[in-house]
Amino acid sequence: MGLPNKYDAKEAEPRWQKFWEENKIFKFDPDSKKQIYSIDTPPPYASSGHLHVGHALHYTQFELIARYKRMRGFNVYFPPCFDNNGLPTEKYVEEKFKISKAQTTRAEFRKLCTEESAKIEQAYADRFFRALGHSYDWDLLYTTINPEAQKVSQTSFVELVQQGDCYQAEEPTIWCTKHQTALAQAEVEDLKRSTKINHIYFDMEEGSKIEIATTRPEFLPACVGIFVHPADNRYKNLVGKNAIVPLFGSKVPISTDESVDMEFGSGILMVCTFGDNADIDKWKRHKLPVKMIVTNNGKLNEQCGKYAGMSLLEGRKAIIEDLKREGYFLRDEPIEQTVGSCWRCNTPVEFIVTKQWFIKALEYKDALIEQGRKIKWHPEFYRKRFEDWTTNLAWDWCISRQRFYGVPIPAWYCKKCGEVMLPEKEDLPLDPTTVNPKKNCKCGSSEFIPEDDVFDTWMTSSMSPEIAIRWLEKPEQFKKMFPVTLRPQSHDIIRTWAFYTILKSYLHFKAIPWENIAIGTFVLDPKGKGMHKSEGNVVWADELLEKYSVDVLRSWVGTATFGEDLGFQEKELVAGQRFLTKLWNASRFGMMHLEDYSEKPKKLQIMDKWILAKMHKTIKYATTMLDSYKTGSAKREVEQFFWHTLCDNYLELIKDRLYNPDKRGKEARASAQYALYQSILSVLKMMAPVVPHITEEIYQGYFAEKEGKKSIHISYWPAYDENEVDEEAEKAGDIAVDIISTLRRYKSEKNLSLKIPITKLEIHCETALQDTIKLIMDDIKDAAIVEDIQFGTNVDTPCSKFPIELGITLGEIKKKEN
RNA sequence: GGGUCCAUAGUCUAGUGGUUAUGACAACGCCCUUACACGGCGUAGGUCCCCGGUUCGAAUCCGGGUGGACCCACCA
């Protein structure tokens with residue numbers, strides 16, 4: 001019985017992690033009648049590098065919620081998972097084996113990717129999830145490339161095509177010329193850069209000249225229209241006439257468009273297919289012809305005459321030189337611009353007309369916003385970001401990618417009539433490049449061309465709730481659990497992961513995918529700047545774990561609030577370290593005095609009722625906060641109660657009763673023991689989700705046996721009981737603390753030891769308070785070493801919180817005899 | 001250009017209509033009190049960003065600034 005003097009976290013933490021896993025403490029029970037709390041865990045991309053502290057925080061932040069809900073009596077469904085699908089893996093394999101997709105077959109390449117990711121994931125799970133003490137049910141593990149996930153992804157495709165929400169179209173598509181694949185709007189990021197705006201002349205068919213400004217003269221061969229603002233008097237006479245494209249000689253009509261900015265450049269704008277989004281917009285509205293001049297790998301094509309085969313930049317240079325030589329070049333000026341670029345490689349995107357698969361999103365905007373409002377967002381304001389994105393969406397979702405590694409698009413095209421052939425759902429998952437359709441085409445042909453594109457990774461990720469709770473494998477379970485209770489995720493992927501998941505769930509089930517979405521904390525460096533490898537300000541979680549224990553790191557995580565950024569401060573870890581020590585020592589103190597604790601005595605002393613009242617108020621507050629995902633507020637309140645109310649005041653108040661039972665009697669001692677037991681146990685439980693290892697160690701050292709539980713993490717969260725909140729006792733206790741604190745300050749200001757006894761204490765206050773004070777006289781005597789208390793008027797020291805004044809007569813400190 | 005969030009002691013931070021404005025770190029003074037010196041008790045430190053409004057009363061609500069972070073759009 002009793003705890004050792006020091007807590008050895010390095011020894012204890014792995015021991016408990018092993019205990020939890022071996023005893024399946026976090027196992028989901030499919031047969032349980034308890035209410036289910038399910039989590040749509042974000043599948044991390046498992047890397048072999050260091051662990052970013054932001055990543056550790058992000059995953060631990062909602063892990064706390066899982067632990068909390070488990071203690072609240074929920075049957076928690078918490079699957080671990082990995083994202084090993086898509087470009088990151090492909091890129092990793094290309095680099096590791098120094099191969100490219102051109103040098104290998106699709107099947108071989110995919111095999112390499114699968115093998116490599118499995119290896120990395122195993123290591124990652126050990127040094128990340130397990131090391132941080134995460135409470136997943138490992139039997140529920142899934143990865144985004146495993147057959148079941150692929151089946152979900154492909155089934156989604158087949159169903160959406162069948163119901164008309166997924167279609168194939170030949171349209172301008174956002175294109176990465178480096179990866180040679182189509183991209184979705186959400187995969188495009190801003191790239192700020194300096195370039196030159198070139199002012200050039202166009203000849204008019206009739207003979208005059210006009211001036212046009214362009215940053216992309218290489219698009220001259222693709223020029224299909226020229227526009228001026230309808231109110232621009234300078235150019236009224238041009239409208240309806242043709243201009244001649246310099247160097248290329250084609251005739252282009254001049255029209256008006258409201259969107260032209262008269263102030264910019266010369267006020268005359270050319271539209272090329274396709275230099276940017278604005279070109280596409282005008283091309284669509286004015287039904288202009290298409291002149292595609294860019295190849296899939298970013299070169300000028302045969303439409304460009306002598307410039308064919310040049311890269312876009314080479315073409316630009318050559319065309320500018322020729323414009324200069326021919327006298328069409330007026331001048332250039334430097335300009336700052338922001339262009340869209342591929343989120344993976346930063347290559348500026350182009351717009352190329354290709355045949356791609358799209359999922360309808362534009363026509364469901366209103367419905368999606370409606371769905372978003374049915375979900376509880378934590379914090380609420382992030383819903384706005386979702387709504388803004390949805391409102392401003394300009395494209396349907398392009399889901400096809402011209403890559404190797406990824407979920408194959410399950411479709412074939414009839415060689416004869418071109419009709420799309422889909423597989424039967426029960427045959428999924430499949431790779432159309434290795435199997436043929438089981439039926440002939442409607443036209444009778446049995447020859448097919450397989451689709452060899454793969455899905456955008458979000459095609460699978462957007463089905464994560466369905467994959468997590470086994471939509472196709474366990475339809476009964478799915479019915480019971482959908483929508484999932486919680487989606488935790490970061491704010492930067494609201495427009496992708498959250499958006500697509502809500503879209504999919506709407507298209508398939510006309511339902512919301514989850515009841516709650518919690519936006520994780522974003523970690524900043526101590527100066528409040530984002531952590532970036534290139535700036536060298538990244539803090540690595542694995543390095544912190546060498547210096548501090550897991551519980552210390554988690555304690556810091558516990559201070560975070562969902563949706564709010566958090567600056568990393570190492571001193572916060574020191575605070576966590578101290579908290580653990582304090583918790584350990586206070587628990588040690590408790591156990592020292594609880595060896596002979598049996599049960600609740602018939603009558604409780606006033607200060608014991610006081611601490612119980614404070615404790616229940618803390619329980620109520622912490623519970624309310626955690627129920628609304630405010631972990632930081634809950635933790636702060638519990639710590640405040642523990643450190644200041646319980647340790648600094650209550651433990652000091654009851655020492656005399658505990659150590660000297662003869663003085664105030666066995667009943668008084670038993671009463672203190674009861675309140676001590678309850679308050680320490682409550683603190684341990686309320687802190688257990690945050691610091692699971694040390695609380696387990698303490699719990700197992702004493703409370704587990706009393707409560708008959710295998711682990712604190714499946715014990716019951718302390719229950720708030722308003723009958724335990726005795727307002728009268730609470731007030732009396734507060735007065736006692738106020739008086740004791742005033743006496744401490746009195747001694748402290750005189751630079752005296754707190755051990756100096758007070759021989760006589762006179763108290764002056766309203767008669768109404770006197771009865772209350774009589775209740776706590778013995779406690780004041782115990783805690784502040786007061787020999788005699790009486791009511792009187794010879795006073796000069798006011799208390800700080802209550803209208804009470806004190807008269808203090810000090811005695812002499814008794815020297816200890818050695 | 002549009003939007004969201006934020007602004008409180010040297011630093012970080014709590015606090016959504018009435019508190020003597022919370023706590024932590026740092027500073028200073030005292031105290032080795034039998035759980036803990038990784039501790040305890042105190043002290044000092046604030047125009048709650050600025051201006052206006054609502055209100056009996058504003059750090060808190062509203063409007064307008066200023067500064068910062070992020071999201072979206074975007075100039076041919």
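As the structure is a computational prediction, the values presented were derived from the model and not from experiment. Letters A, B, ... are given to chains in the order of the sequence lines, protein chains preceding strands, and every chain is numbered from 1.
Under the 3.5 Å distance criterion, with hydrogens and angles disregarded, no donor-acceptor pair is assigned to the side chains of A:Asn198 and A:Glu333. Counted by atom type alone, A:Thr521 and A:Gln61 present one or more donor-acceptor pairs between their side chains at under 3.5 Å. Using modelled atom types, one finds no donor on one side chain facing an acceptor on the other under 3.5 Å when comparing A:Gln489 with A:Tyr382. No hydrogens or angles considered: nothing links the side chains of A:Asp257 and A:His229 as a donor-acceptor pair under 3.5 Å. A:Asp551 and A:Ser549 share no side-chain donor-acceptor pair at under 3.5 Å.
Counting heavy atoms of neighbouring residues, nucleotides and ligands inside a 6.0 Å radius, atom OH of A:Tyr201 does not exceed 12 of them.
Not a single donor-acceptor pair under 3.5 Å links the side chain of A:Ser748 to the backbone N or O of A:Arg744.
When the options A:Phe562, A:Trp377, A:Phe522 are evaluated for a ring-ring contact (aromatic ring centres under 6.0 Å, His included) with A:His491, the one that passes is A:Phe522.
Between the CG atom of A:Leu752 and the C1' atom of B:rU33 there is a distance of 14 Å, given to the nearest Å. The nearest whole Å value for the distance from the NE2 atom in A:His593 to the C1' atom in B:rU34 is 9 Å. Look at OH on A:Tyr548: it is 15 Å from P on B:rC38, rounded to the nearest Å. Note: CD (A:Glu572) to P (B:rU11) measures 15 Å, nearest angstrom. The CD atom of A:Gln569 sits 7 Å away from the P atom of B:rC12 (whole-angstrom rounding). Rounded to an integer number of Å, the gap from A:Phe642 CZ to B:rG39 C1' is 12 Å. Atoms NE2 (A:His378) and P (B:rC5) sit 17 Å apart, rounded to a whole Å. Between the CZ atom of A:Phe589 and the P atom of B:rC38 there is a distance of 20 Å, rounded to whole Å.
Contact annotation for A:Glu639: no contact, since no heavy-atom pair falls under 4.0 Å across all strands. Among the atoms of the strands shown, base atoms are found under 4.0 Å from some heavy atom of A:Lys801. A:Cys272 comes within 4.0 angstrom of nothing in the nucleic acid, heavy atoms only. No contact: A:Asn5 has no heavy atom under 4.0 Å from any strand. Nucleic acid contact class of A:Leu651 (heavy atoms, under 4.0 Å, all strands): base.
The side chain of A:Ser741 places an N or O atom within less than 4.0 Å of a non-bridging phosphate oxygen (OP1 or OP2) of B:rG42. Contact between the side-chain N/O atoms of A:Arg744 and the OP1/OP2 oxygens of B:rG40 is not found at any separation under 4.0 Å. The shortest distance between the side-chain N/O atoms of A:Lys582 and the OP1/OP2 oxygens of B:rG40 is below 4.0 Å. Residue A:Trp643 places none of its side-chain N or O atoms closer than 4.0 Å to OP1 or OP2 of B:rG39. Between A:Arg578 and B:rC25 there is a side-chain N or O to OP1 or OP2 distance below 4.0 Å.
Here, B:rC48 and B:rA58 have their P atoms 13 Å apart, quoted to the whole Å. Separating the C1' atom of B:rG63 from that of B:rG23 is a span of 33 Å, rounded to the nearest Å. Annotation: B:rG17 and B:rU13 have their C1' atoms spaced 22 Å apart (nearest Å). Comparing the C1' positions of B:rA59 and B:rU16 gives an interatomic distance of 10 Å, to the nearest angstrom. Rounded to whole Å, the separation between the P atoms of B:rC12 and B:rA26 comes to 16 Å. Remark: the separation of the C1' atoms in B:rG45 and B:rC31 is 23 Å, to the nearest Å. Spacing between B:rU66 and B:rA27 at atom P, rounded to whole Å, works out to 39 Å. To the nearest whole angstrom, the two P atoms, one in B:rA24 and one in B:rA14, are 15 Å apart.
Contact of A:Ser753 with B:rC31 (side chain to base): no donor-acceptor pair of N or O atoms is detected under 3.5 Å. A donor and an acceptor atom sit less than 3.5 Å apart, one in the side chain of A:Ser748 and one in the base of B:rG29.
Taking the six-membered ring where tryptophan is involved, the planes of A:Trp458 and A:Tyr500 are tilted, since the angle between them lies from 30° to 60°.
Looking at the side chain of A:Lys6, the nearest of the listed nucleotides B:rC38, B:rU4, B:rC36 is B:rC38. In the set B:rC41, B:rU43, B:rG3, the nucleotide with an atom closest to the side chain of A:Leu754 is B:rC41. With B:rC41, B:rA24, B:rG15 as the choices, the nucleotide that has an atom nearest any side-chain atom of A:Lys571 turns out to be B:rA24.
For RNA chain B, the stems formed by at least three consecutive Watson-Crick or G-U pairs, with both atom-pair distances below 3.5 Å, span B:1-7 with B:66-72, B:10-12 with B:23-25, B:27-31 with B:39-43, B:49-53 with B:61-65.
Mapped onto RNA chain B by nearest heavy atom, A:Glu749 and A:Asn585 fall at different nucleotides, with A:Asn585 at the one closer to the 5' end. The residue among A:Asn751 and A:Thr742 whose nearest nucleotide of RNA chain B is located toward the 5' end is A:Asn751.
A salt bridge links A:Arg664 and A:Asp779; the closest N-O separation between the charged side-chain nitrogens and carboxylate oxygens is under 4.0 Å.
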> In B/S/- notation, 5' to 3', how is nucleotides 68-76 of chain B contacted by protein heavy atoms closer than 4.0 Å?
Replying inline: -SSSSSBBB
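A cation-pi arrangement is absent between A:Lys384 and A:Phe386 under the rule of less than 6.0 angstrom and at most 45 degrees off the ring axis.
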> Given A:Leu806 and A:Cys799, is the side-chain contact (heavy atoms from CB on, under 4.5 Å) satisfied, shown in steps?
Replying inline: CA-CA 7 Å; A:Leu806 306 176; A:Cys799 288; 4.0 Å; yes
